[in-house]
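Note that these values count all heavy atoms, side chains included, but never hydrogens, waters or copies made by symmetry.
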Amino acid sequence: MKAMLIGGAGFVGKHLAIHLANTYGWEIVITGLPEEREDEERKQLLEGLYRELDECTEVKITTRNRLKIFLSERGIWHIWDIDYAVRQEYEKSLHGTIAPNCYPTYMNEFDWIKRHSVLERLQTLAGEKAEKTDLDKKILYLCYYPDPAVINAVWKASKKNALVWDFKRKAPETLKQQIFATFQYILKEYVNTRSLTNYLEKLNKFYDFAIQEQIPDINKLEQEQIDQFSEQEKGKPNFGFVYRTINLCRQVTFIQASEILWDANIWYLERFQFADSRKNPARSIKTISFIEILHKENRHLCQRYMKYCLGITHLAVKNIAAEYMMLKNFLIWLQQEKAISVKNADSNIMEKYFRLLDSKNIKAGTFNNMLQAITHFFDYLKVQDIIQKVPYHVEYYLKKEIYTHHNRSVNEDVYMEMIHKLPLFPEKPRLVFLHLWALGLRCNEVCTLKGKAYYMQGRDAWIQVYQYKMKNYKKVPIPLALYKLMKVYIRKNGILPEEYVFQNSTGGAYLYGTFRKQMMKYCEKYGIGDGTYQFKSHDYRHTLATMFYDNGTSIQSVRDYLGHDFEEMTQQYIDYMPKKISKANKEYLSKEENSLAAGIKRCKRGK
């Protein structure tokens, strides 16, 4: 390859030399001091810059030559000093010098040179530190991001403008840090997925929206603002990522905060370290939302109350969340009806709400639970000296509960059809179902079984189950066939003793909601019960209890097997009365003297 030597050449001479070098494919080399008698230091800087550019052999000489002049004229002596602003300036410099259809090629080669520098610097600790310093105070272009995986993921993106993140712009510092934290989370968790660019695009637009609407803190985002942003994005590509991105942004900032954000409009319970006895992995509660309570003082009081419930009491999280939903419904009604503080609710207002509940024909037990949930809140306000007294007497409104037995046993024809068609179902729901049908366990107990749960004792197979409802362990015998099936499954999937047997995609417990959804889908697909059967996991617990009792097992033994504390609870599970009556009727009527036709005498017509 020929080289063109540039010694004393002025500005025009340099550009003429560049033109000739590009025309003939020559490489530019500095041979001496320029005409302006530049000092030795400038000469060394030029030599260093040219050397860096010449190492990028993947890029054409014409592009390297153009960049040698472009960068040196602007006093940029190292490729690592190139940033997005320099990129924009270079793109403008192309106008009028090359054909417009050549712009993408030149810009791609410009990006490739910067990429080469970034990847090279990341090979050293000093270079990596320099590349990753103050990212939250710069304009970031993801093709130059100091992470090879990110660069590779976005390199072929068609919309390059969507890869620009301006963290230098004027915005509330809290908002900026929240967006930056979410930005980094997305790059880490979704870098090798199709969702990466969709999340980034919507987050960038939400960033613009938040600045425009002067939103200082994402965790205090109101529903009205969310709806406004949603309306702005309606009809645009990837609209489904609007709510997902906002939720992710709130979740990341809440969980990563140095202290719990008690005043946030939505709490993400993953942030809390609850005792295992207070949570159920198969039916986990993800969030507690206050955003629907528009009255600010009522929302604040509710947040204080939930802080007490979650942080001071030892109640199960599921029970706290259930009570909170009942309380929230009351506060939403209160803001629609009177728009007043709950502190000012009097007996007339409470009477009106309780009458409303009564008019909905709610079961006595549920009605009483609603009253108790609201009363617990008022009791808290009273203890905290926020109110002087509870504005009603709960005893006046409580209803007497009359327990009625509901036959929930699954018809034998239905569950036998399930057994015969079970090979058509996916493996995981198939095995969970066998535990329900053969053992009568609660579904959440099956979903949270650990690898060490199955064991042999003598010639018998056993299972150890943790009962989240009763907060204790129980051990029950299981069929040998089920034991062998599970041992094969555990070995095949490499499940360790302390790992969940049935896992979700992240290795956590298989969720009850996922299992039920799959079972309903396949029951309909394969026409179980003529396609009309509604799968309910708890029905199989009733079924097994009833089968035990019908076959002569005592009520006390059934109680112990199910893990109940009281026989009254067990009696609600046993659907024995209809079968007992039917059996007694058959026995009675089978005797000739008790036949309904025994007293009928033949006689002639009219007599």
Side-chain angles (χ1 to χ4, degrees), residues 83-85 88 134-142 159 161-187 197-268 271 287-304 307 328 331-332 335-336 339 341:
D83 56 18
Y84 186 69
Q88 287 181 302
D134 294 331
L135 293 179
D136 58 340
K137 297 178 177 62
K138 299 177 180 178
I139 298 177
L140 300 181
Y141 182 51
L142 292 186
K159 298 179 181 178
N161 291 336
L163 305 179
V164 181
W165 289 79
D166 187 357
F167 290 108
K168 293 177 65 176
R169 64 196 299 188
K170 187 176 180 181
E173 191 59 30
T174 298
L175 171 68
K176 191 181 292 187
Q177 291 302 319
Q178 290 172 336
I179 294 292
F180 182 73
T182 309
F183 165 77
Q184 287 195 306
Y185 180 86
I186 291 171
L187 292 181
T197 53
N198 296 332
Y199 270 123
L200 289 175
E201 178 189 359
K202 292 306 177 189
L203 182 64
N204 212 339
K205 290 185 177 181
F206 179 63
Y207 185 28
D208 293 338
F209 172 81
I211 293 175
Q212 178 185 332
E213 297 299 317
Q214 299 181 338
I215 297 171
D217 187 342
I218 290 171
N219 284 295
K220 296 181 181 178
L221 198 65
E222 298 291 347
Q223 188 61 47
E224 182 181 358
Q225 295 168 320
I226 297 173
D227 294 340
Q228 187 179 346
F229 178 61
S230 174
E231 187 65 29
Q232 172 185 303
E233 294 299 305
K234 186 178 291 184
K236 296 180 182 179
N238 304 312
F239 176 74
F241 278 84
V242 168
Y243 291 103
R244 290 165 66 180
T245 301
I246 291 175
N247 181 64
L248 182 65
C249 198
R250 290 188 296 204
Q251 181 181 4
V252 168
T253 55
F254 187 88
I255 292 173
Q256 292 185 359
S258 57
E259 296 181 353
I260 295 176
L261 304 175
W262 296 111
D263 59 348
N265 288 346
I266 296 182
W267 295 356
Y268 293 85
R271 175 70 172 77
T287 61
I288 291 180
S289 173
F290 304 93
I291 199 169
E292 301 86 358
I293 305 172
L294 303 181
H295 193 285
K296 295 300 176 64
E297 185 176 23
N298 289 347
R299 179 189 290 174
H300 175 65
L301 292 174
C302 210
Q303 288 170 328
R304 285 182 58 181
K307 179 181 178 180
K328 183 165 69 172
L331 294 176
I332 292 173
Q335 73 195 17
Q336 295 170 345
S341 169

Can you check whether [Y]'s main-chain N or O pairs, donor with acceptor, with [X]'s side chain at less than 3.5 Å?
X      : Y      : result
Ser230 : Ile226 : no
Gln335 : Glu292 : yes
Lys176 : Phe167 : yes

Closest non-hydrogen atom pair, [X] against [Y]:
X      : Y      : result
Leu200 : Trp165 : O-CZ2, 3.2 Å
Ser341 : His295 : N-NE2, 3.5 Å
Leu175 : Ile215 : CD2-O, 3.4 Å
Lys202 : Pro237 : NZ-O, 3.1 Å
Phe206 : Ile218 : CE2-CD1, 3.9 Å
Arg299 : Leu294 : NH2-CA, 4.2 Å

Aromatic rings [X] and [Y]: how do their planes relate, parallel, tilted or perpendicular, breaks at 30° and 60°?
X      : Y      : result
Phe239 : Tyr243 : perpendicular
Trp262 : Trp267 : perpendicular
Phe241 : Tyr199 : perpendicular
Phe229 : Phe209 : tilted

Measure the [atom1]-[atom2] distance between [X] and [Y] for me, rounded to the nearest 0.5 Å.
X      : Y      : atom1 : atom2 : result
Asn238 : Glu201 : CG    : CD    : 5.5 Å
Lys168 : Lys138 : NZ    : NZ    : 10.0 Å
Ile246 : Leu248 : CD1   : CG    : 11.0 Å
Thr197 : Asn204 : OG1   : CG    : 12.5 Å
Glu173 : Gln177 : CD    : CD    : 5.0 Å
Glu224 : Ile291 : CD    : CD1   : 10.5 Å

Please determine, by modelled atom types, if [X] and [Y] share a side-chain donor-acceptor pair under 3.5 angstrom.
X      : Y      : result
Thr253 : Asn219 : yes
Asn247 : Tyr268 : yes
Gln228 : Gln232 : no

(request) Could you check if a side-chain atom of Cys249 sits within less than 4.5 angstrom of a side-chain atom of Ile179, using non-hydrogen atoms only? (result)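 Yes; the side chains approach each other to less than 4.5 Å.
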(message) Quick check: do Ile255 and Gln251 have side-chain heavy atoms less than 4.5 Å from each other?
(response)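 Counting from C-beta outward, Ile255 and Gln251 do come under 4.5 Å.
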(request) Decide yes or no on side-chain contact (heavy atoms from CB on, under 4.5 Å) for Ile288 and Lys328, but give the supporting numbers first. (result) CA-CA 10 Å; Ile288 291 180; Lys328 183 165 69 172; over 6 Å; no
(request) For side-chain contact (heavy atoms from CB on, under 4.5 Å), just list the numbers for Ile139 and Asp83, CA-CA rounded to whole Å, side-chain angles, deciding distance to a tenth of an Å, and then say yes or no. (result) CA-CA 8 Å; Ile139 298 177; Asp83 56 18; over 6 Å; no
(request) Kindly indicate, with the supporting measurements, whether the criterion side-chain contact (heavy atoms from CB on, under 4.5 Å) is fulfilled by Leu301 and Glu297. (result) CA-CA 6 Å; Leu301 292 174; Glu297 185 176 23; 4.3 Å; yes
(request) Verify side-chain contact (heavy atoms from CB on, under 4.5 Å) between Leu203 and Phe183, making sure each step is shown before the conclusion. (result) CA-CA 8 Å; Leu203 182 64; Phe183 165 77; 4.1 Å; yes
(request) Kindly write out the residues that satisfy side-chain hydrogen bond (donor to acceptor under 3.5 Å, both in side chains) with Thr245, not counting sequence neighbours, or none if the list is empty. (result)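 Checked Thr245 against side-chain hydrogen bond (donor to acceptor under 3.5 Å, both in side chains); zero matches.
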(request) Quick one: which residue pairs count as a salt bridge (Lys or Arg N to Asp or Glu O under 4.0 Å) with a foot in residues 238-265, not counting sequence neighbours? (result)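 As it turns out, the salt bridge (Lys or Arg N to Asp or Glu O under 4.0 Å) pairs with a partner in residues 238-265, which skip direct neighbours, are Lys220-Asp263.
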(request) Would you please name every residue forming a salt bridge (charged side-chain N to carboxylate O under 4.0 Å, His left out) with Lys170, sequence neighbours left out? (result)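 In terms of salt bridge (charged side-chain N to carboxylate O under 4.0 Å, His left out), with neighbours along the sequence ignored, Lys170 is linked to no residue.
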